[in-house]
Amino acid sequence: MTQEIRVRFAPSPTGKLHIGNARTAILNWLFARHSGGKLILRIEDTDLERSSRESEEGIYRDLKWLGMNWDEGPDVGGKFGPYRQMDRTQIYQKYENKLLANGQAYHCFCTPDELNEMREKALAAGNTDAWYDCRHRNLTEKEKQDFLAEGRKPVVRLKYPDEDIMFTDIVKGELTFPAGSTGDFVIVRSDGTPTYNFVCVIDDGLMKMSHVIRGDDHLSNTPKQIAVYKALGWTPPKFAHIPMILGDDRTRLSKRHGATSVKGYADDGFLPRALVNFMSLLSWSSPSGDEILSVERLIEEYDFSRVSKSPAVFNVEKLEWMNGTYIRALDIAELTDLCLPYLQSAGYRLPERAVLEQIVSLVQENLERLKDSIEKLEFVFAEKVRPATPEAVQMIEKESTQKVFWSFLRQVEKVEKLDFAQFRKIMKTVSVETGVMGKDLWMPVRVALTGQIHGPELPKVVDIFGKKRCKKLIKSALNLNN
RNA sequence: GGCCCCUUCGUCUAGUGGUUAGGACUCAGGACUUUCAUUCCUGCAACAGGGGUUCGAGCCCCCUAGGGGUCACCA
């Protein structure tokens, strides 16, 4: 009988969901879905100072926004709960007592001063790894009583085995951590709260994790955790340590590198599917060589054997390109829905739905982020149109422009309605009448109507603006000229 | 500093002993077009360095250099 695949994402609710954590979450999720296993969400809220329910809610929101779901967790329950570490304190205590009882762990009464001294001594000797000298490993009952009488509060340390710790990592391969590179580390603080490397193992063990998939910044924690598994008499799960995501200066991605929270990217108008697609491609590639990959394909194809061992720089430019291709693939109703909040936030007076869709479709090919719709569509909602750049002014001031505008106005009067086709026809007539062609013909009209030198296809713009508005704008551009 | 991990175009990557070292993003040029964009085409650009092993190394081994991570009563 093969073991059920169970993986977990275990964030600490101390702020916004970070891109790096989001990637870890997604990889766990893809793996769970690929293998028909379960994804467990566990909240590591033991840092009382920094943890908050708000952050926890934010994490749920962001994970869901990315399109993820999970099978067990604080919000959905499950038979291996509770799923918040603060609700599991009795469980940790039980195992603390167990390790204390069977001699795998012991009380250490060292004071901060004593510890510092040890640390400095070790540092002077050029080795800061196993700096703790294990001096309280074998305290007599009498010694313990004396320390207690002094009012010292002990921590609990694990007896770290004096042997090489080896394991096979799914992405990194065979790994060896030599004996002596880690000392007896604290598993329970003097205030009685357990530390990360302890609770993590208890939870992963009790929650029956088959694989631990996480960032490779946890690589050096792994031997410690394996030591805990051994002390507990448990079999460790399989480990897959994924390379980190780096900023453009090749250091670990952090706030310094700009937007690093999922929420930040969401607010800028990145599509969740683009973000998921992009993140999956950091340190991984599809065997097909394709890069635009649906979630379905990612679930199908994602495989840790194709994860490279080296970290990847988070390249926003490529993300933007990819987001653009996803935006272009949207149907117009969907895109309009997505742009709506941005246009509203800009304070634009929005027309009826059908027209709005037409407006949005003006810039669909131009958007890299939904947020860009605000700027790209500004001319549609602007109260007044003014040549926005020196070049635009130049176009308006061109000698031939007068002729073009007058001719245009005459032609416009002849038609009932100024739509896409009529406009094209009129421009042709204007060209014939004035002898002006190409750029000199179209640019002034564009500037008159939009103030810009670049923009969407003019006939489409005119189609939306209509006869009245176009007439007005051309006239006012004419005044400008005089 | 100790320990661990990593090293192909600027960036993301393909590559598992014999390739003109391929693709993508960016950038440049061109085609299309009334502009921008889209689309298509072309181009620039890489095996960190040094030793081995081998008839032959981006691929295997060693060393050096560089980068990252971690060394907490944070997670």
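In this text, all values refer to a predicted model and were calculated from it rather than measured experimentally. Order of the sequence lines fixes the chain letters, A, B, ..., with proteins taken first and strands second; residue numbering starts at 1 for each chain.
Using a 4.0 Å heavy-atom distance criterion, A:L281 is classed as a sugar-phosphate-only contact. In this structure, A:G289 reaches neither bases nor backbone, as no heavy-atom distance under 4.0 Å exists between it and the strands shown. Within 4.0 Å (heavy atoms only), A:T14 reaches no atom of the nucleic acid at all. Residue contacts shown for A:E320 are absent, as no nucleic acid heavy atom lies under 4.0 Å away. At the heavy-atom level, A:L246 lies nowhere under 4.0 Å from the strands shown. Residue contacts for A:H241: at a heavy-atom cut-off of 4.0 Å it reaches no nucleic acid atom on any strand shown. Among the protein residues, A:L319 comes within range of no part of the nucleic acid, since none of its heavy atoms lies under 4.0 Å from any strand. Contact annotation for A:V155: base contact, defined as any heavy-atom pair under 4.0 Å involving a base atom. Nucleic acid contact for A:E317: sugar-phosphate only, since backbone atoms but no base atoms lie under 4.0 Å from a heavy atom of the residue. Residue contacts for A:T193: at a heavy-atom cut-off of 4.0 Å it reaches no nucleic acid atom on any strand shown. Looking at heavy-atom distances under 4.0 Å, A:S190 makes contact with a base. Using a 4.0 Å heavy-atom distance criterion, A:P456 is classed as a base contact. Counting non-hydrogen atoms under 4.0 angstrom, A:N221 reaches a base of the nucleic acid.
Under the Watson-Crick or G-U wobble criterion, with both distances below 3.5 Å, B:rC9 has no partner in any strand shown. Remark: B:rA57 base-pairs with no nucleotide; criterion is Watson-Crick or G-U wobble with both hydrogen-bond distances under 3.5 Å.
Contact between the side-chain N/O atoms of A:S285 and the OP1/OP2 oxygens of B:rA14 is found at a separation under 4.0 Å. Taking side-chain N and O atoms only, A:R250 has a distance below 4.0 Å to OP1 or OP2 of B:rU11. OP1 or OP2 of B:rA37 has not a single side-chain nitrogen or oxygen of A:R328 nearer than 4.0 Å. Remark: A:W131 is in phosphate contact with B:rA72, judged by side-chain N or O atoms under 4.0 Å from OP1 or OP2. Side-chain nitrogen and oxygen atoms of A:T46 include at least one within less than 4.0 Å of the OP1 or OP2 phosphate oxygen of B:rA75. Contact between the side-chain N/O atoms of A:R119 and the OP1/OP2 oxygens of B:rA72 is found at a separation under 4.0 Å. Regarding contacts with the backbone of B:rU13, a side-chain N or O of A:S283 is found under 4.0 angstrom from either OP1 or OP2. The side chain of A:K309 contributes an N or O atom lying less than 4.0 Å from OP1 or OP2 of B:rC6. OP1 or OP2 of B:rG15 has at least one side-chain nitrogen or oxygen of A:R306 nearer than 4.0 Å. Look at A:R252 and you'll find a side-chain N or O under 4.0 angstrom from OP1 or OP2 of B:rU70.
Ion pairing between A:D62 and A:K16 fails under the 4.0 Å rule for side-chain N and carboxylate O. A salt bridge does not link A:D463 to A:K460: none of the charged nitrogens lies less than 4.0 Å from a carboxylate oxygen. Remark: A:R8 does not engage A:D203 in a salt bridge, criterion side-chain N to carboxylate O under 4.0 Å.
Going from the P atom of B:rU13 to that of B:rU19 covers 25 Å, rounded to whole Å. Between the C1' atoms of B:rU64 and B:rC6, the separation comes to 16 Å (whole Å). Comparing B:rC47 with B:rU7, their C1' atoms are spaced 10 Å from each other, to the whole Å. Spacing between B:rC5 and B:rC9 at atom P, rounded to whole Å, works out to 22 Å. B:rC41 and B:rC62 have their C1' atoms separated by 47 Å, with the value rounded to a whole Å. Nucleotides B:rG58 and B:rC4 are separated by 28 Å at their P atoms, to the nearest Å. Remark: the separation of the C1' atoms in B:rG22 and B:rA14 is 6 Å, to the nearest Å. Atom name P, nucleotides B:rU35 and B:rU42: the rounded distance is 23 Å, in whole Å.
Contact between A:K224 and A:Y160 at its shortest, heavy atoms only, is CA-CE1, 4.0 Å. Scanning both residues, A:C110 and A:R152, for their nearest heavy atoms gives CA-NH1, 4.2 Å. Nearest heavy atoms, A:Y265 versus A:V316: OH-CG2, 4.1 Å. Closest approach of A:Y95 and A:L232 over heavy atoms only: CD2-CD1, 4.1 Å.
Ring to ring, A:F408 and A:W442 are not that close: their centroids are 6.0 angstrom or more apart.
Atom CG of A:D217 is separated from atom P of B:rC71 by 10 Å (rounded to the nearest Å). Rounded to whole Å, the distance from CG on A:L449 to P on B:rU35 is 16 Å.
In this structure, the aromatic ring of A:W442 is positioned over the six-membered ring of the base of B:rU34, centres within 5.5 Å and planes within 30°.
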